[in-house]
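Contents: one structure, followed by commentary.
The chains referred to below are lettered A, B, ... by the order of the sequence lines, with proteins before strands, and numbering in each begins at 1. Any value given below was found using the heavy atoms of this structure, including those in side chains, with hydrogens, waters and symmetry copies removed.
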Amino acid sequence: MRYNSVYLVKRIGIALVTLYVAVTLNFLLPRLMKGDPASALASEKALGSQEVANALKAQFGLDNPSLWYQYAKYIKQLLHGNLGVSYANFPSPVADVMLKALPWTLGTVLTATLLSYLIGWLIGIRGAWKPGSLFDNSTLFSSFFLSSVPFFWIAIIFIMIFSFYLGWFPLGQAVDPAYDSFAWFDKAKSVLYHAFLPVFTLIIATLAGHILVLRNNLMRVLSEDYMLLAKAKGLRASRRKYMYGARNALLPSFTGLMTSLGHVIGGAITTEIVFSYPGVGMVTFNAILNHDFPLIQGSFLCIAISVIVCNLIADLVYPLIDPRVALN
Amino acid sequence: MSDLLQVRHLSIEYASPRGIVKAVDDVTFSIGKGEIFGLAGESGCGKSTTAFGISRLLRHPAQISGGSVVLDGQELTTLSNDEFDKLRWSKISIVLQSAMNNLNPVLKISNQLIDAILAHDPSMGKEARQRAEQLMKLVDLPVDRLDSYPHELSGGMRQRVVIAMALALRPSLVIMDEPTTALDVVVQNGIIRKIVELQKEFGFSILFITHDLPLMLEMCGRIGIMYAGKLVEVASREQILQKPRHPYTQGLLNSFPSLSGPKQRLSGIPGHTPDLIRPPAGCRFCPRCSQAIQECQTLPPPLVEDAGGQIACHLYSEEGIAREQASAACERS
Amino acid sequence: MSKPLLHVNDLEKVFSSRTMFRKKQVRAVRDVSFTLEAGKVLAIVGESGSGKSTIARMLTNLIPATSGDIAYNGQSLRDNRQLRKKLPTFVQMIFQDPFAALNPHHTIGYIIGRPLQVHRMVQGNTRSRVLALLRKVGLTPEEDFIDKYPYQLSGGQKQRVIIAKVLGLEPKVIIADEPTSMLDVSIGIDIMNLLLDLKEKENLALLMITHNLGSARYMADHIAVMYAGQVMEYGPAEELIQNPQHPYTKLLLYSSPDPWREQADHFDLSDAQGQAVSESCCSFQPRCPFATDICKTKPAAAVQTDSGHQVRCHLYA
Amino acid sequence: MKKMLKACWNAFPGVKGKLGLVILLFFTVIALFGTWVAPYPKNFIGFDSWLPPSVSHWLGTDSYGQDVLSQMIYGTRTSFWVGILAGLITTVIGVTVGIVAGFKGGWIEESLMRIVDLFLIIPTLALMIILASFLPSMGTMSTILIIGSLSWLYMGRSIRSQTMSERQSGYVEAARMVGMKDWEIMFKEILPNITPVILANLVLVTTQAVLAEAGLSFLGLGDPTNVSWGTILALANANNAVLFHAWWWILPPGLAIAFFCFGFILIGNGILEKYRANRGNAAL
């Protein structure tokens, strides 16, 4: 493989440090904000019985006041994958709730981000290739407009048009009520059928950002000497556009793709609520309603971890596109 | 020596917020087959614009507003884009200033050498690689460098690759726009000697553009001097060295500190270049010209062709010469 | 012999960059020594990467020297806070790119006037002093120029504004880092003439840095030719141009285009620019046509030859 | 007065700048004079619910019988102030961090930028949710503080890269040659040259702030007592406005947010274009 060890170690190092900070943040937040963390994490009234509350306090070391002890306990629990117990859907632990919800969110968000990046790439290129043309101006203005619209509003509008008035898509949920009885093929069909609108919403909502970034990058690349040389060589327009123009414009926007992942997940949280799509967003929403703090913390941690992992993957893919990074 | 390229009354302008800029105004010259023709002038005189006009590489606001360009008897300005693309690189190729980015940073050197060949002859396939190796040997570069990326080469090596690339399809005209300006003088010397050697071997013509007059005088057979969009003088190397006629050429020659001549104070040229949107009525060099005469303020100087080449200056036009003799006569008597 | 304004002794600069595992050291400047008297011009000539600009930045304390001594009027710069605070009124630098050296957001009056206030050269209004400086550098009528913005000036005019600003601090030494390489030649000559006149009138010491031997010969009384951080040859300008000793100086001379020269014998040269230079041999050895075994094993020391030049080459050891 | 108006008018360059300014003025007027303009008092539930738009209720009523138009007008005030104040807080932090990190370099820059990169990866909205859900009381002020304290990251990084490119330029080296102090170089020499980029970023950040506020209130974390475009949308969704064909309850808040932010983005891009057009005479 063409990887340069220093680059690899550096990237994994950064990912681990970010993860560590996210975990520590997750630990510190409830303690900094509200008075007694114990009451937050194991309040009797929510669980209805004293022994359960005490058992939980012991498990999380909340009975011992020293912060470090609690922190050590918290990390130990975490390594066992035990994120505490969720109030709302007691007694199932937070980890199970998360495992059920995460695939839905990751599925929609990742497909939406990649598709939106691809479409944004194509539109951006076509716009930048002939600047000032009708196509370029119209995409530019609509991108400005789209980038200033909240995710969930687009979701509501789409439901109103496509589901309610036109009836093409379901009003929400992730699968048909009779999902379990389906054969695997119908299951897949129903999942896709339900997932289409949320993914479509996410694509439209994030498309504007990608178009603008790519168009600006390509405008800069087009003024470079090697583009002029490519034209002088009489190369076909398609080769110049993609092998020379787009490939160089892709590089800076690829790092943009990574940082936008966090933004997309943020948007997905609100979109899932509109579609009542059982992803992490929906879980977080219900957790907030029921003041279910362990679940809130758990969902935040899952989001942070998945984003960090995706970024690490993108970091590892980057040297394959940009030769300058991997080899020096 | 029959002419390869004839440029007649070429004019190029572009719209700027402050008005129409006449970057190139009524330029006429020709380049013989196998001749190294130099186009010299200071920044903003339109030499690069002329070259890009000839090879139809003008960037958006600039466009040809008049004149004709004939290559090998074929008029270029009226060709459609597709017809012109057939000529690109097979008849005319270009070498740009060796800035950091005249090679695509994400493509291997071999791909960039081959894709010009493939664009014109897609069936090449395997031999394209051998052609690329041939080209590298041509410019004394190690063949194993074919698989490295541009950022791994030194400035000098990158410029040699670009020169090899320009010769990939054996064009009849190679335009070189300041090819060695960004390089150190020792590396530049090596590359210039390699260009002259290749020119002798393949016999293509070169349109060499630079602001470095001494370098041009060492390399080009005939030289055209441009000032503020006008071609003021065209003459052979010896003519310009011994007896430059146009006052601007004399001023230019008097601005370069030489290494071998006596050490004396040089005067350069006072003042600065005119505004190309509203150029002065008469000769554009008049405000800075020490030998300006009456007509210079009002009348643009006609282009006079004679044994010594071309000159656009009232001192050498018919009435100018007549007046010259008259004033010389009264001085003597 | 007037006391040397600037005395540089065994100057050295090592840039160390640390990647994850190994420490990479680049010796940009090695054992450079020279002196500069008032009213005299020294030109440092060398290719890009020869360390000439690094020396300029060390002399003006923009970057610290790794070792060696820089003394102004006998006072060493090393750990001398008083001199460092007052240094701008002693040595000033003219930069290579006039287009970038002026802040596009300030008027010419502010650009020239502000340094006067920083060093309290003038109490209160600096306008009259700035007008005088504009006159001194030939930007007349000065009333036109003082309220203009940099984008309204041509390259040559911008360089004159920079010279005016530098003169405002009444320095003893002016370092010009390739002052004319970004300008057209016809304007560059005027700038060089201006610097020469100012050197005479104000009795300044001028250190000129350039890659062009022609302008070095035009301006300088002494020339130092640098390669890979070391001074290869140092001597009186006219002498060095007419009778070069060091192979590299000869190479530079014959490579520089000069149509008025009758016949120049050419070197064939390997384009080995940028090869790693080890300490154990003469740094020019990889590209030197006259390299012998001794050149490959022993670093060359600077030697005084009979013609008064200092040459760092085994041929003359 | 006329001259000041003129200066302010061409401070918003180009067609985009002017269009953006008009939109911004429209919303400012409503935000400042909302109480007089709104036909009915705030949160007044005196009407039948689900009334379609009519003469008395231009935008009809919602499920609680509140007049949507007046709710929208009051909502403008919250979103406007959240956008502006959060934007300002973000800009101040972002610019200081960006300039100091960009100019000082060394370990200061390294540590600041590590923190920025760290938080940029973690989704800011998730962080906001955590902060908001744990805060005892959620007033508008705390919303502004949360959004402000978390959205300066992107701006800090872009100002830092801009400062670093300015630091390399000649006039900064010339300023150090003259012996100017660091603070003067940072704020009197570099700052004016990056002001256009700061303004463009300010505009972008304000848009993010408005969207973040809408998101938070949509999740029920906004200030419960106050009304904003986000809360209107949240109620519309919670009460299944879609099933009741209540488009007049759903469309206006979304469009209002969109136009408000659109105005800002237009101004931002107008400024950036003028900045790029005359990089030579960057005299703003």
Side-chain angles (χ1 to χ4, degrees), chain B residues 41-45 139-141 153-157 159-160 180-194 210-219 227 237-238 240-241 248 251-273 288, chain C residues 45-50 138 153-157 180-193 196-197 210-219 227 237-238 241-242 244 248 251-264 266-275 287:
Chain B
E42 295 188 317
S43 50
C45 72
V139 285
D140 309 337
L141 282 179
L153 303 181
S154 73
M157 283 192 219
Q159 202 54 5
R160 284 169 184 262
T180 58
T181 304
L183 297 176
D184 287 312
V185 71
V186 174
V187 174
Q188 163 179 297
N189 188 279
I191 287 187
I192 293 295
R193 280 195 0 256
K194 172 53 70 176
T210 182
H211 62 280
D212 186 347
L213 199 52
L215 172 65
M216 181 164 281
L217 285 166
E218 236 180 37
M219 180 182 173
Y227 179 76
R237 183 153 55 98
E238 295 68 25
I240 290 208
L241 264 177
Y248 178 62
L252 261 187
L253 280 170
N254 199 354
S255 309
F256 285 91
S258 83
L259 281 171
S260 44
K263 184 174 177 183
Q264 89 274 18
R265 188 168 173 110
L266 302 172
S267 62
I269 307 169
H272 49 80
T273 50
R288 303 174 71 182
Chain C
V45 179
E47 290 177 330
S48 51
S50 59
L153 302 182
S154 74
Q157 289 166 335
T180 59
S181 64
M182 298 285 281
L183 301 174
D184 280 327
V185 177
S186 54
I187 298 165
I189 276 287
D190 295 341
I191 299 290
M192 284 202 249
N193 290 339
L196 284 174
D197 300 342
T210 178
H211 60 274
N212 180 325
L213 262 174
S215 20
R217 178 191 181 216
Y218 184 73
M219 295 276 291
Y227 180 79
E238 209 42 37
I241 298 283
Q242 305 306 346
Y248 179 63
L251 180 68
L252 265 186
L253 258 171
Y254 299 136
S255 306
S256 307
D258 183 24
W260 295 283
R261 182 169 45 212
E262 296 75 38
Q263 217 304 322
H266 287 290
F267 288 73
D268 65 352
L269 143 108
S270 73
D271 187 1
Q273 190 199 17
Q275 254 191 349
R287 293 170 69 185

Among [options], which residue forms the greatest number of heavy-atom pairs with chain C at distances under 4.5 Å?
| options | result |
| --- | --- |
| Asp140(B), Leu259(B), Leu217(B) | Leu259(B) |
| Gly251(B), Gly44(B), Ser255(B) | Ser255(B) |
| Asn254(B), Ile192(B), Val185(B) | Val185(B) |

- For Phe256(B), the ring-ring contact (aromatic ring centres under 6.0 Å, His included) test, sequence neighbours excluded, returns none
- Task: Under the ring-ring contact (aromatic ring centres under 6.0 Å, His included) rule, collect the residues that match up with Tyr248(B), sequence neighbours excluded.
- Result: Tyr227(B), Phe285(B)
- Strictly by modelled atom types, are Glu42(B) and Ser186(C) linked by a side-chain donor-acceptor pair under 3.5 Å? yes
- Using distance alone, with no hydrogens and no angle criterion, decide if Asp258(C) and Ser258(B) have a side-chain donor and acceptor under 3.5 Å apart. no
For [X], is it the side chain, the backbone, both, or neither that has a heavy atom closer than 4.5 Å to a heavy atom of chain C?
| X | value |
| --- | --- |
| Arg237(B) | neither |
| Gln188(B) | side chain |
| Asp212(B) | side chain |
| Ile191(B) | neither |
| Ser267(B) | backbone |

- Item | Donor-acceptor contact present, side-chain Asn212(C) to main-chain Gly214(C), <3.5 Å | yes
- Message: Tell me if a side-chain donor or acceptor on Arg288(B) pairs with a main-chain N or O of Ile269(B) at a distance below 3.5 Å.
- Response: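 Side chain of Arg288(B) to backbone of Ile269(B): a pair is present.
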- Of all heavy-atom pairs linking Pro214(B) and Pro257(C), the shortest is CB-O, 3.7 Å
Proximal component of [X], with respect to chain B [non-hydrogen, under 4.5 Å]:
| X | answer |
| --- | --- |
| Leu183(C) | neither |
| Asn193(C) | both |
| Leu213(C) | both |

- Message: Go through it in stages, so that I can follow the logic: the residues are Leu253(B) and Ile240(B), the test is side-chain contact (heavy atoms from CB on, under 4.5 Å), and I'd like the CA-CA distance, side-chain angles, deciding distance and then a yes or no.
- Response: CA-CA 9 Å; Leu253(B) 280 170; Ile240(B) 290 208; 4.0 Å; yes
- chain B: which of Ser256(C), Gly156(C), Ser255(C) shares the most heavy-atom pairs with it under 4.5 Å? Ser255(C)
